[in-house]
*Asks:* 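Provided herewith is a single structure, encoded as structure tokens, for subsequent inquiry.
Remember, it's a predicted structure, so these values are computed and weren't measured experimentally. Counting convention: from 1, in listed order, for ligands and their atoms alike. In what follows, every heavy atom counts, from backbone to side chain, and hydrogens, waters and symmetry copies are set aside.
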Amino acid sequence: MSRTILGLLLTISTTLAAELVLPSELFSPQVAQKVLATANTVQNPAKYPQWTDRDKGTWQFFSPDTWTSGFFPTTLYALNERLSICPTDELKATDWLGLAQTWSSAEVPLETKTTTGHDVGFLSFPFIEELKVHSNNQTAQTAVNSFANELAARFDPIVGCTRSWDTTDPTDFTVIIDNMMNLEVLFQSANLTGNHTLIDIATSHADKTLVNHLRPDGSSYHVVEYNSTTGKVIKQRTAQGYADNSTWSRGQAWGIFGFANMFKHTQNLTYLETSRHMAQYFLTNLPGDGIVPWDFNAPLDPPRPADSSAAMIAANGLLLLSQGELSLSPANKSGSDFYIDSAIQIIANMTTLAWRPEWQSLLANGTVNNPALNNLTGIVYGDYYFVKNANDLVSLGIATCNGSLTGSTPSSPSASVSGSGSIPSASSTDGVRTSSGAARSVQGRISGLAVAVAVLGGLVL
Ligand SMILES: *[C@@H]1O[C@H](CO)[C@@H](O)[C@H](O)[C@H]1NC(C)=O
Ligand SMILES: *[C@@H]1O[C@H](CO)[C@@H](O)[C@H](O)[C@H]1NC(C)=O
Ligand SMILES: *[C@@H]1O[C@H](CO)[C@@H](O)[C@H](O)[C@H]1NC(C)=O
Ligand SMILES: *[C@@H]1O[C@H](CO)[C@@H](O)[C@H](O)[C@H]1NC(C)=O
Ligand SMILES: *[C@@H]1O[C@H](CO)[C@@H](O)[C@H](O)[C@H]1NC(C)=O
Ligand SMILES: *[C@@H]1O[C@H](CO)[C@@H](O)[C@H](O)[C@H]1NC(C)=O
Ligand SMILES: *[C@@H]1O[C@H](CO)[C@@H](O)[C@H](O)[C@H]1NC(C)=O
Ligand SMILES: *[C@@H]1O[C@H](CO)[C@@H](O)[C@H](O)[C@H]1NC(C)=O
Ligand SMILES: *[C@@H]1O[C@H](CO)[C@@H](O)[C@H](O)[C@H]1NC(C)=O
Ligand SMILES: *[C@@H]1O[C@H](CO)[C@@H](O)[C@H](O)[C@H]1NC(C)=O
Ligand SMILES: *[C@@H]1O[C@H](CO)[C@@H](O)[C@H](O)[C@H]1NC(C)=O
């Protein structure tokens, strides 16, 4: 082994040993308190939180026909799930399922007249969650099937993709990397109806995306424009990123998740490899402080805003990818551990920066759209993936509800500063770590290390 690799191994070893701690904020009672407070501010006519203002963290509300409307009801379903996996007296005091259903209800007529284009996939999320609770609920089934057919109707066989945004020139066929997330509704509907065409559409879309949205280094373009007459790529560019040749971090995060999800549904290794490749770019391009910038290539001066939503989505994608590695035969335990450890570090670093007890949102430091000067806000999908990360860490047996990591060596006295579920003071955002929890198992970490070296060094094990 070369000295460089040894040095890298030692660096990573030191870093992991020092940093593998879950932030206690993940399981703070404030999570449920804030979400409940927002759920109780019912708007008439119905409106949905999307982002906060920059100074006070006050939610701004938008009409149901907005691409993000599904995320708040889906967060309520996530707290209903939290109630079953981590029942506390406080969680039991609220009818989370009832709130989730009420908040979904204004979306129900949308499946026949939405103008959100491909984002019907995001709008379908609460109905997919409802079906996990009541698999026979006709309203939810109809919503999922209608949203799926609406997305399928945007498929063009010449291009091989579903159209993301509508354009004035109909031959200008625009596909954004985010669209990978919307494919989920096609699988869900196919599961309900047995209509395999929907899966063929999802597969075709993913196959085109991995060829035309990815660069050789695993980074991604935000937007690819195809000519729908010829099927050829006209342009690879950005909309929300820094430059056409840069990598917008949220797009990269949607891709990690989206391809890991394609692997989950199809078991096609090409999708697992694509998710790994995108994860490798994301992880090797994180700056030294571990804070996810809004665009990996945005200049450092003036200081580039973070995007906490990209961090939470990427972390959730890495958890999904870790399960893909485990599903291999034989299970790729070291690969799985590596992605779990990376997810935990991203969550920990971003929570330290962005957790805001005094804001209505859980996190600050979200960048909705920096070219449109919309940065440093709370964002509803950042909060949703923050809640989902905590649920998934428990469901996957990685953490307990008090924020400790399982299968772990006992935490060293210095690693366990505050008690379980304690709320840090606002000053914790200065970078003083107040998290509690134990380090992940030494064994897992050592096997993860070899993978870290291989992944970060771009080597094949
Ligand atoms: C069925 O799902 C819809 C939409 O999610 C929800 O509003 C409704 O309350 C559910 N009905 C029952 C009986 O659970
Ligand atoms: C399957 O879905 C496709 C795309 O929405 C649709 O065109 C087709 O009619 C469906 N097939 C059946 C049997 O419903
Ligand atoms: C697509 O190609 C057709 C045929 O070559 C051409 O007429 C049309 O202008 C092109 N559209 C775009 C958006 O480039
Ligand atoms: C299909 O639905 C069944 C229950 O109806 C569920 O157990 C299964 O996980 C679903 N499959 C997918 C791919 O979502
Ligand atoms: C897996 O996907 C790739 C393209 O993305 C395709 O070429 C290949 O045929 C697929 N494999 C299977 C077994 O479906
Ligand atoms: C993007 O292009 C510009 C101008 O050609 C170049 O200076 C920059 O280094 C490129 N950035 C990346 C990430 O390739
Ligand atoms: C988290 O930040 C610390 C420095 O504060 C850094 O050592 C660590 O590598 C970061 N984690 C990630 C995943 O970048
Ligand atoms: C995080 O947000 C705070 C304000 O809420 C801001 O002062 C700080 O510069 C932001 N940091 C980053 C890296 O975006
Ligand atoms: C295990 O996962 C790592 C990280 O994705 C990968 O580099 C390695 O090739 C995988 N090993 C096997 C045997 O699949
Ligand atoms: C963030 O947005 C503000 C306006 O809200 C803008 O003035 C500033 O330039 C943006 N920050 C960066 C680094 O682009
Ligand atoms: C957290 O929970 C685990 C198991 O449920 C328990 O062993 C541990 O002592 C708890 N830690 C704290 C700090 O309460």
*Asks:* Could you find the nearest protein heavy atom to atom 1 (C) of ligand 10 and give me its residue, atom name and distance?
*Replies:* N375 ND2, 1.6 Å

*Asks:* For ligand 3, which atoms sit closer than 4.0 Å to a heavy atom of D169?
*Replies:*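 Listed by number with element: 13 (C).
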
*Asks:* As an exercise, identify every atom of ligand 3 less than 4.0 angstrom from a heavy atom of I234.
*Replies:*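 The list of qualifying atoms is 12 (C), 13 (C), 14 (O).
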
*Asks:* Below 4.0 Å from ligand 10: does a non-hydrogen atom of P303 turn up there or not?
*Replies:*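 Contact check P303 vs ligand 10: positive.
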
*Asks:* Evaluate the ring planes of W254 and F122, with Trp represented by its six-membered ring, and classify them as parallel (under 30°), tilted (30 to 60°) or perpendicular (over 60°).
*Replies:*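 W254 vs F122 ring planes: tilted.
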
*Asks:* Between atom CD1 of I176 and atom CG of D119, what is the distance when rounded to the nearest 0.5 Å?
*Replies:* 6.5 Å

*Asks:* Looking at atom 2 (O) of ligand 3, what's its closest protein heavy atom, distance included?
*Replies:* N227 ND2, 2.2 Å

*Asks:* Looking only at protein heavy atoms, which one is nearest to atom 3 (C) of ligand 2, and what is the separation?
*Replies:* N195 ND2, 3.6 Å

*Asks:* Is at least one protein non-hydrogen atom found at under 4.0 angstrom from atom 5 (O) of ligand 2?
*Replies:*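 True for atom 5 (O) of ligand 2.
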
*Asks:* Does T229, backbone or side chain, put an N or O under 3.5 Å from an N or O of ligand 3?
*Replies:*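 In this structure, T229 places no N or O atom under 3.5 Å from an N or O of ligand 3.
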
*Asks:* Roughly how far, to the nearest 0.5 Å, is CD1 of I313 from CG of D307?
*Replies:*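 Going from CG on D307 over to CD1 on I313, the span is 7.0 Å.
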
*Asks:* Under 4.0 Å between a Lys/Arg side-chain N and an Asp/Glu carboxylate O for K132 and E81?
*Replies:* no

*Asks:* Show which atoms of ligand 3 fall inside a sub-4.0 Å distance from at least one heavy-atom site of T171.
*Replies:* 10 (C), 11 (N), 12 (C), 13 (C)

*Asks:* Is any heavy atom of the protein nearer than 4.0 Å to atom 14 (O) of ligand 2?
*Replies:*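 Yes, because at least one protein heavy atom sits under 4.0 Å from atom 14 (O) of ligand 2.
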
*Asks:* Please report the C-alpha distance between S361 and L363 in whole Å, then the side-chain angles of each, then the deciding distance to 0.1 Å, and finally whether the side chain to side chain contact (heavy atoms under 4.5 Å, CB included) criterion is met.
*Replies:* CA-CA 6 Å; S361 59; L363 300 179; 5.7 Å; no

*Asks:* I need the contact type for N374 against ligand 10. Using non-hydrogen atoms and a strict under-4.0 Å cut-off, is it side chain, backbone, both or neither?
*Replies:*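 Within the 4.0 Å criterion, N374 makes no contact with ligand 10.
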
*Asks:* Determine, for K235 against D244, whether the closest basic-nitrogen to carboxylate-oxygen distance falls under 4.0 angstrom.
*Replies:* no

*Asks:* Below 4.0 angstrom from a heavy atom of N149, which ligand 2 atoms are there? Numbered from 1 as shown, please.
*Replies:* 5 (O)

*Asks:* Report the part of L373 in contact with ligand 10, treating N, CA, C, O as backbone and CB onward as side chain, heavy atoms under 4.0 Å; options are side chain, backbone, both, neither.
*Replies:* both

*Asks:* Based purely on interatomic distance, does R304 place a nitrogen or oxygen under 3.5 Å from a nitrogen or oxygen of ligand 10?
*Replies:* no

*Asks:* Over 60° means perpendicular and under 30° means parallel, so classify the ring planes of F296 and F282, tilted if in between.
*Replies:*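 Because their plane-to-plane angle is over 60°, the rings of F282 and F296 count as perpendicular.
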
*Asks:* Within the protein, is there a heavy atom lying under 4.0 Å from atom 11 (N) of ligand 3?
*Replies:* yes

*Asks:* How about OH on Y242, more than 12 heavy atoms from neighbouring residues, nucleotides or ligands closer than 6.0 Å, or not?
*Replies:* no

*Asks:* Quick check on the 6.0 Å ring-centre criterion: do Y48 and F72 meet it?
*Replies:*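 When the ring centroids of Y48 and F72 are compared, they turn out to be at least 6.0 Å apart.
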
